[in-house]
J.: 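Take this structure, written in structure tokens, and hold onto it; I'll ask about it next.
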Amino acid sequence: MELQPEVSRWNVTPSEAVALQRRLREQLVLSPPPGLKVERVAGADISTEKGKDTGFGGLVVLDVATLAPVARAGAAVTLHFPYVPGLLSFRELPIIAAAWERLTVRPDVVIFDGQGTAHPRRMGIACHGGLLFGVPSIGCAKSLLVGTHGPLGEARGSTAPLMHRGDVVGMAVRTRKGVQPVYVSPGHLMDLPTAVDLVLKVSPKYREPETTRHAHRLVNALRRADGEAAELE
DNA sequence: GCGACAG
DNA sequence: ATCTTGTCGC
């Protein structure tokens, strides 16, 4: 058997995964490619069933100017890694990668449902995914894994730096007045200001980015469709 | 040793 | 993440 490149090595123990993250983070580039033009942005997500071990993953590509979907792809893959805080990418990325291979339209940026550098080892799922696909990426999470931040204004667009061990690892961003902020951090080939700007741009109305919302609906639809097919057996 | 802990 | 009903507020 060929030894898989480390960035796509999934058959590891949690302990090995941690060691892998420490090596992979050396490859991270925390700045956008010079002259990056963002015309298409993709959202990635997975959905699972309570007692089953199949994960349904998908990506939806949106036109940034109109936020209209222009492409999508999904895949069903057996889960081989448990949910462990800090090791989310080893559970979800194999599924998202299968969908990525079926995606015919390449986005300029991928937004993941989870952390980027706002991670104990600066290697959240957005970092790992960006490295894997070789594409600029952003992490946009609904809750914190690590870090603290001060209060932020009530208005949409308000921000507060997310601090962890003396470093700014991300930004708490209010995407909508009167709701809890989301937590934005760069993944790969990305910086924090660019990430925050883009997340606000693709979140004009709801708390979460339209990319994430579309991806979430896609993978849930895939899971339900699979469940209905199973009922007819 | 104790508590925290993306999805 | 998923399992689940109603409920509060714009």
Side-chain angles (χ1 to χ4, degrees), chain A residues 10 14-15 17-18 21 24-25 43-59 74-97 99 110-130 132 137-149 154-156 162-165 169-188 190 192 195 199 205-209 211-228 230:
Chain A
W10 312 121
S15 160
V18 169
Q21 289 181 325
L24 289 175
R25 70 178 172 188
D45 194 16
I46 78 158
S47 177
T48 61
E49 188 115 12
K50 184 179 59 174
K52 294 185 174 282
D53 65 341
T54 298
F56 300 85
L59 296 131
V77 177
T78 302
L79 296 164
H80 290 295
F81 200 93
Y83 168 67
V84 179
L87 302 179
L88 181 65
S89 63
F90 291 88
R91 177 176 178 79
E92 299 199 347
L93 274 187
I95 311 168
I96 295 173
V110 176
I111 298 179
F112 288 83
D113 192 3
Q115 315 293 349
T117 57
H119 178 280
R121 292 167 293 280
R122 307 291 192 278
M123 266 303 292
I125 187 170
C127 302
H128 200 157
L132 179 64
S137 59
I138 295 170
C140 182
K142 299 178 291 298
S143 61
L144 287 176
L145 177 59
V146 297
T148 60
H149 65 81
E154 292 298 301
R156 165 186 149 75
L162 182 57
M163 307 300 295
H164 181 58
R165 295 180 178 178
V169 296
M171 194 78 84
V173 180
R174 186 100 63 195
T175 53
R176 180 178 179 173
K177 181 181 179 181
V179 304
Q180 289 299 109
V182 292
Y183 304 97
V184 179
S185 56
H188 179 49
M190 182 57 53
L192 188 51
V199 166
K205 186 169 183 182
Y206 301 103
R207 182 190 180 212
E208 296 204 70
T211 43
T212 301
R213 288 163 47 77
H214 273 94
H216 199 268
R217 288 197 300 253
L218 169 62
V219 297
N220 276 316
L222 290 174
R223 178 169 60 79
R224 290 171 192 145
D226 183 84
E228 289 179 23

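Lettering of chains follows the sequences in order, A, B, ..., and the numbering in each one begins at 1. Since the model is a prediction, treat every value here as computed from it, not as a measurement.
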J.: So, the side chain of R156(A) versus the backbone of T175(A): is there a donor-acceptor pair under 3.5 Å, distance only?
T.: yes
J.: List the atom pairs, donor and acceptor, that lie under 3.5 Å between side-chain atoms in residues 75-97 of chain A and the rest of the protein, sequence neighbours left out.
T.:
unit_1: S89(A); atom_1: OG; unit_2: H128(A); atom_2: ND1; d: 2.9
unit_1: R91(A); atom_1: NH1; unit_2: F81(A); atom_2: O; d: 2.7

J.: Would you indicate what I96(A) reaches in the nucleic acid, counting non-hydrogen atoms under 4.0 angstrom: base, sugar-phosphate, or nothing?
T.: nothing
J.: Just to confirm, is there a sub-4.0 Å distance from OP1 or OP2 of dG7(B) to any side-chain nitrogen or oxygen of T48(A)?
T.: no
J.: Can you name the ring pair (Phe, Tyr, Trp, His ring centres under 6.0 Å) partners of H149(A), sequence neighbours left out?
T.: Y183(A)
J.: Which nucleotide wins on minimum distance to the side chain of K50(A), given the candidates dG7(B), dT2(C), dA6(B)?
T.: dT2(C)
J.: Which whole-number value in Å describes the distance from F90(A) CZ to dG7(B) C1'?
T.: 15 Å
J.: Expressed in angstrom and rounded to an integer, what is the separation of R91(A) atom CZ from dA6(B) atom P?
T.: 13 Å
J.: OP1 or OP2 of dA6(B) less than 4.0 angstrom from a side-chain nitrogen or oxygen of Y83(A), does that happen here?
T.: yes
J.: Select one nucleotide: of dA6(B), dG7(B), dA1(C), the one nearest the side-chain heavy atoms of H216(A).
T.: dA1(C)
J.: How is I46(A) classified with respect to the nucleic acid when contacts are heavy atoms under 4.0 Å: base, sugar-phosphate, or nothing?
T.: nothing
J.: Quick one: is S47(A) getting a side-chain N or O under 4.0 Å of the dT2(C) phosphate, OP1 or OP2?
T.: yes
J.: Taking only N and O in the side chain of N220(A), is any of them less than 4.0 Å away from OP1 or OP2 of dT2(C)?
T.: yes
J.: Between dT2(C) and R223(A), is there an OP1 or OP2 to side-chain N/O distance shorter than 4.0 Å?
T.: yes
J.: Grab the two heavy atoms, one from C127(A) and one from P186(A), that are nearest each other, plus how far apart they are.
T.: SG-O, 3.8 Å
J.: Tell me if a side-chain donor or acceptor on S137(A) pairs with a main-chain N or O of H188(A) at a distance below 3.5 Å.
T.: yes
J.: To the nearest angstrom, how far is Y183(A) atom OH from dG7(B) atom P?
T.: 10 Å
J.: With sugar-phosphate meaning primed atoms plus P, OP1 and OP2, does G51(A) contact a base, only sugar-phosphate, or nothing at under 4.0 Å between heavy atoms?
T.: nothing
J.: OP1 or OP2 of dG7(B) less than 4.0 angstrom from a side-chain nitrogen or oxygen of K142(A), does that happen here?
T.: yes
